[in-house]
Amino acid sequence: MKGVRVLVGTKKGAFVLTSDAKRLKWDVSGPFFAGWEIYHMKGSPADPNRIYASQSSGWFGQIVQRSDDGGKTWFQPGFKPGEPTTNDQGMPVTESNKFAYDVSDTDGKPLTTHQWYDGTQHPWEFKRVWHMEPSLTDPNTVYAGVEDAALFKSTDGGSSWKELSGLRGHKTGAQWAPGAGGMAVHTIILDQKNPQRIYIAISSAGAFRTDDGGKSWKPINKGLSSLYIPDPHAEVGHCVHHIANHPSRPEVLFMQKHWDVMRSDDAGDSWYEISGNLPSDFGFVVDVHAHEPNTVYVIPIKSDSEHFPPDGKLRVYRSRSGGNEWEALTKGLPQKDCYVNILRDAMAVDTMDPCGIYFGTTGGQVYGSADGGDNWNPIVQNLPSVCSVEVQVIP
Amino acid sequence: MIRVVLPYHLRNLAMIGSEMQLEVSGDATIASVLDSIEQYYPMLTGTIRDHTTKKRRPFLRFYACGEDLSLAEPGTRLPDKVINGEEPFLVIGAVAGG
């Protein structure tokens, strides 16, 4: 009998929530990596037992954790308990937490600079991994989106990492600038039909696409309008918060931007607004129903200055028409005095029928709906502030 | 044998108790102790000093025998009491909160 596993990254550790197919009763395990920030954790589509987690700390930097048993036990790739930690020469056997920007003469890009808050140029400095995206087909291949903005790839299960430096080396790189939350690759979408195509998004540089497996990249921001930058229609500089698509038509993209909910029907070559009747078109999350490619979910946030739901009412909005017409989903969600935020990686959908929707809040609640959003229940209510939510259907 | 005391989270990562004991080859300096930590506990590589620049992470400080060695040159020789194991080399994290 199938079950569901929800992976929750928080400001103070990771949690794994499991349920049977009914998704009514949940077991909560954790905290794993207690006291550390878990920006993101995600399972491999090719092997549900393989899960990657980004563990970081302002004190101690970045750690990559991996589970090969569905989240029961964890280890740093290459450092399984009891196994040798060094080779015959006494050197470390792995570089699982080494994210070094590629400055090699052959395939690397010079360690250039990007724009700092005050307009001056600033060197790239690795801070943390925001998002881990396992390959659709190989459990040992995984991508990491990092701050300062760059994309890394591991083909050995997270033991070592190599930058896909064509992204950071794009000719617009010197114009990229951090937002208040930093400058990070926070969204990675591996095209479900074209293995050479990857979409990424950077706050606050915008969206980019590669069609050659990561060697070269193009900005895909045409149609975005951002009134908070000097040129509202600039090639780069847009604060894209998140992008989602449906596997059956990967070229159709839905975007929650700093302001505006946007849609592209041509793989990001052009965008148009679908905010329609939303009470606010500011927000962070966006996701697509697992079985209905035109059904989209967002959670409106009041504004860029007030990161909580409008009117203190936590409402998920659903469009069944691919945008513009939105309905509020409120059953089971607090409709007064709610002032939490929902961060960009904190919503996920499962592939059960009916489709399950999940999201986590900065107040430590994780809500789930087992009927496409019509009814909601809190799965767990008092976790640390939630950074990310992912879901797996397990055999 | 040099004794090293690490912050709680790094002890957990290295799966050790209250302190670690290390053999350090050659002169016992700040750098050689850190080299030795990373050799015997490679999961700590990058957590005390940057992978590439080898700079001390900004929220960590080094102490020995009541002396703040955080800003000392990496080649600074450690006090005799640390070298002979009487006193530990301390890696201390900034206090969380305020």
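All chains are named by letter (A, B, ...) in the order of the sequence lines, taking the proteins before the strands, and each is independently numbered beginning at 1. Since we're looking at a predicted model, the values are computed, not measured.
In A/Lys12, the NZ atom is not crowded: 12 or fewer heavy atoms of neighbouring residues, nucleotides or ligands sit closer than 6.0 Å. Other residues, nucleotides and ligands place no more than 12 heavy atoms under 6.0 Å from the OH atom of B/Tyr8. Environment of CG in A/Asn382: sparse, with no more than 12 heavy atoms of neighbouring residues, nucleotides or ligands closer than 6.0 Å.
The shortest non-hydrogen separation linking A/Gln55 to B/Leu13 is NE2-CD2, 4.4 Å. Nearest approach of A/Ile63 to B/Thr47, heavy atoms of both residues: CD1-CG2, 3.8 Å. The shortest non-hydrogen separation linking A/Phe60 to B/Pro7 is CZ-CB, 3.7 Å.
Taking non-hydrogen atoms and a 4.5 Å limit, the residue list of residues 19-31 of chain B in contact with chain A is empty. Contacts with chain A (heavy atom to heavy atom, under 4.5 Å) involve these residues of residues 48-73 of chain B, listed by number: B/His51, B/Thr52, B/Arg57, B/Phe59, B/Leu60.
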Query - Worked verdict on A/Trp36 versus B/Asn12 for side-chain contact (heavy atoms from CB on, under 4.5 Å) - result: CA-CA 11 Å; A/Trp36 291 71; B/Asn12 284 346; over 6 Å; no
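Using a 4.5 Å cut-off between heavy atoms, A/Glu125 makes no contact with chain B at all. When heavy atoms are compared at a cutoff of 4.5 Å, A/Ser57 approaches chain B solely by way of its backbone atoms N, CA, C and O.
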